[in-house]
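Residue indices begin at 1 and follow the sequence shown.
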Amino acid sequence: MSYNVRVLAARSCFDVVDQGMSLSEVLPKAQALLDNPLDKALLQEICFGVMRHLPQLEAVCSQLMSKPLIKQLRPLQFLLYVGIYQLKFMRIPDHAAISETVDAARELKGQSLTKLINGVLRNVQRQPELFNFATAPAAVQFNHPGWLINALQQAYPQQWQQILDANQQKAPLWLRVNVSKINPTDYAAALSRQNIEYTRPVAALPAAIKLTQAQDVTTLPGYAEGWFSVQDAAAQYAATLLDVNSSQHILDACCAPGGKTCHILELAPEAELTALDKEPKRLLRVHENLARLGLNANVIAADAAQPDSWWKGKLFDRILLDVPCSATGVIRRHPDIRWLRKKADITVLAELQQRILSQCWSLLAPGGTLLYATCSVLPAENSQQIELFLQQHSDAKLDKLPQQHADQPYGWQLLPGEQDMDGFFYARLKKMTNNEKA
């Protein structure tokens, strides 16, 4: 049975926006129904594009329709967004975009609406002024929810628009070379032999390679041999800043899908590492990554906020705490995040983060290091967490990172797009010894 890409795109976008499902969950299932790799890529492009431009697509429709389609017709409303996105943002010929979208309506049981859909799309084709949003509300101008725009304006009065613009860009494909198997320079040479263009733009991360053009990673040299992993450069800082070696007892407290776990072991192959995550299903990816890279860790399904259920009593020398967060720093990679997150979620997440941080701190040996990390850009999850923690724990001191700016007293905040990296936050905490406390 063959599946229509635009039907799958409309249903996927409906599942995200109306049903609250993650695109990371919905899209792979839809792609699995397609045989042609080009169709899989087209489906992703359309879904990501609709998520990036949803308010403007809605605004255009509202100018051309008396009211949106509701109830069982909602997937057809998203099909309209799919069609408009193709007309405005893709290189698909207009006649093909319109005819394919109208055909998809029939498969979505919208035979009676084909004239409406055809009319809306032809009006979009004829009226480019429909996309003039200079006087529209900020949510439409910038394609982000109002609560998030307000939060960014408050936190970054000079940079908020830069963040929103960066979120609209397609993220590059970054690789992390597995230094326990191959030298980064040698791996770069292997890419060159296959005429794969790349750069190595971050001096502090010699194992980080950015491909000029994204491609199927399974076709890259050394994939099966575990020569590299896919990981944004911002996330590659975690293992480096943790300052690990093979003699240490290390905890990766919120480890799935395992990228940072593997990086730690690549730098310290003989370390005694415990990788913990609350969701057993997510640990499947951790096991897969460890196996492909030839690494070993003690992987446990447990809650980092409840150490009594899993901790064996031996204190850790190093703890990586990449806590659950709003993921507002990786919207360019996951454009649906902006529609799945709500303002009220931030308070709930901040409370969870503080609880995990306090519980894991008790597991750190005196003189040890805890690295707090999020892929968020919101101070409530980042600098404010660290400020509060330091006020409440007299045995903790901030170990300032060399990357911290003068106006970042409680950690290093990377904003989306800086050196073409994701948004990330890091704060390194040291536990004082008795002598230091005295």
Closest non-hydrogen atom pair between [X] and [Y], with its separation:
X      : Y      : answer
Gln141 : Phe133 : CG-O, 3.0 Å
Gln236 : Ala208 : OE1-CB, 3.3 Å
Arg176 : Leu293 : NH2-CD1, 4.1 Å
Pro75  : Leu108 : O-CD1, 4.2 Å
Asn167 : Arg338 : O-NH2, 3.6 Å
Asn382 : Ser376 : ND2-O, 3.0 Å

Find the distance between [atom1] ([X]) and [atom2] ([Y]) and round it off to the nearest 0.5 Å.
X      : Y      : atom1 : atom2 : result
Leu363 : Lys312 : CG    : NZ    : 13.0 Å
Ser383 : Leu388 : OG    : CG    : 11.5 Å
Ile196 : Thr219 : CD1   : OG1   : 6.5 Å
Arg74  : Leu76  : CZ    : CG    : 10.5 Å
Leu8   : Cys13  : CG    : SG    : 11.0 Å
Leu352 : Cys254 : CG    : SG    : 8.0 Å

Sidechain N-carboxylate O distance under 4.0 Å for [X], [Y]:
X      : Y      : answer
Lys29  : Glu25  : yes
Arg91  : Glu45  : no
Asp232 : Arg332 : yes

Quick one: does [X]'s side chain have a donor or acceptor within less than 3.5 Å of a partner on [Y]'s backbone?
X      : Y      : answer
Lys181 : Gly226 : no
Trp174 : Met421 : no
Asp317 : Gly368 : no
Gln31  : Lys40  : yes
His393 : Phe389 : yes
Tyr426 : Ala238 : yes
Gln408 : Gln413 : yes
Asn132 : Ala134 : yes
Lys431 : Leu364 : yes
Gln248 : Asn245 : yes

Report task. Test Ser326 against every option in Glu381, Arg341, Lys342 by the side chain to side chain donor-acceptor pair (under 3.5 Å) rule and name the one that passes. Result -> Glu381
Requested in this report: Show your reasoning for whether side-chain contact (heavy atoms from CB on, under 4.5 Å) applies to Lys88 and Gln56.
Outcome: CA-CA 11 Å; Lys88 181 63 180 178; Gln56 292 183 359; over 6 Å; no
Requested in this report: Walk me through it: do Leu130 and Leu64 pass the test side-chain contact (heavy atoms from CB on, under 4.5 Å)?
Outcome: CA-CA 9 Å; Leu130 291 169; Leu64 299 173; 3.8 Å; yes
Report task. Please report the C-alpha distance between Cys61 and Gln77 in whole Å, then the side-chain angles of each, then the deciding distance to 0.1 Å, and finally whether the side-chain contact (heavy atoms from CB on, under 4.5 Å) criterion is met. Result -> CA-CA 9 Å; Cys61 272; Gln77 182 70 39; 3.8 Å; yes
Do [X] and [Y] touch side chain to side chain, with heavy atoms closer than 4.5 Å?
X      : Y      : answer
Trp339 : Leu23  : no
Leu349 : Gln353 : yes
Gln169 : Pro416 : no
Leu242 : Lys260 : no
Pro184 : Val179 : yes
Ile117 : Leu80  : yes
Leu79  : Thr101 : yes
Ser394 : Met432 : no

Report task. Run the numbers on Leu340 and Val16 for side-chain contact (heavy atoms from CB on, under 4.5 Å), then give the verdict. Result -> CA-CA 8 Å; Leu340 296 174; Val16 171; 4.2 Å; yes
Taking [atom1] in [X] as the centre, count heavy atoms belonging to other residues, nucleotides or ligands within less than 6.0 Å. Is the count above 12?
X      : atom1 : value
Gln391 : CD    : yes
Lys278 : NZ    : no
Gln213 : CD    : no
Lys397 : NZ    : no
Gln154 : CD    : no

Residues [X] and [Y]: side-chain donor-acceptor under 3.5 angstrom:
X      : Y      : answer
Asp395 : Trp361 : yes
Thr433 : Asn435 : no
Gln306 : Gln359 : no

Requested in this report: For ring pair (Phe, Tyr, Trp, His ring centres under 6.0 Å), just list the numbers for Tyr187 and Phe228, CA-CA rounded to whole Å, side-chain angles, deciding distance to a tenth of an Å, and then say yes or no.
Outcome: CA-CA 9 Å; Tyr187 186 74; Phe228 70 91; 5.6 Å; yes
Requested in this report: On the 0 to 90° scale, with breaks at 30° and 60°, tag the Phe89-His53 ring pair as parallel, tilted or perpendicular.
Outcome: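 Parallel: the ring planes of Phe89 and His53 meet at under 30°.
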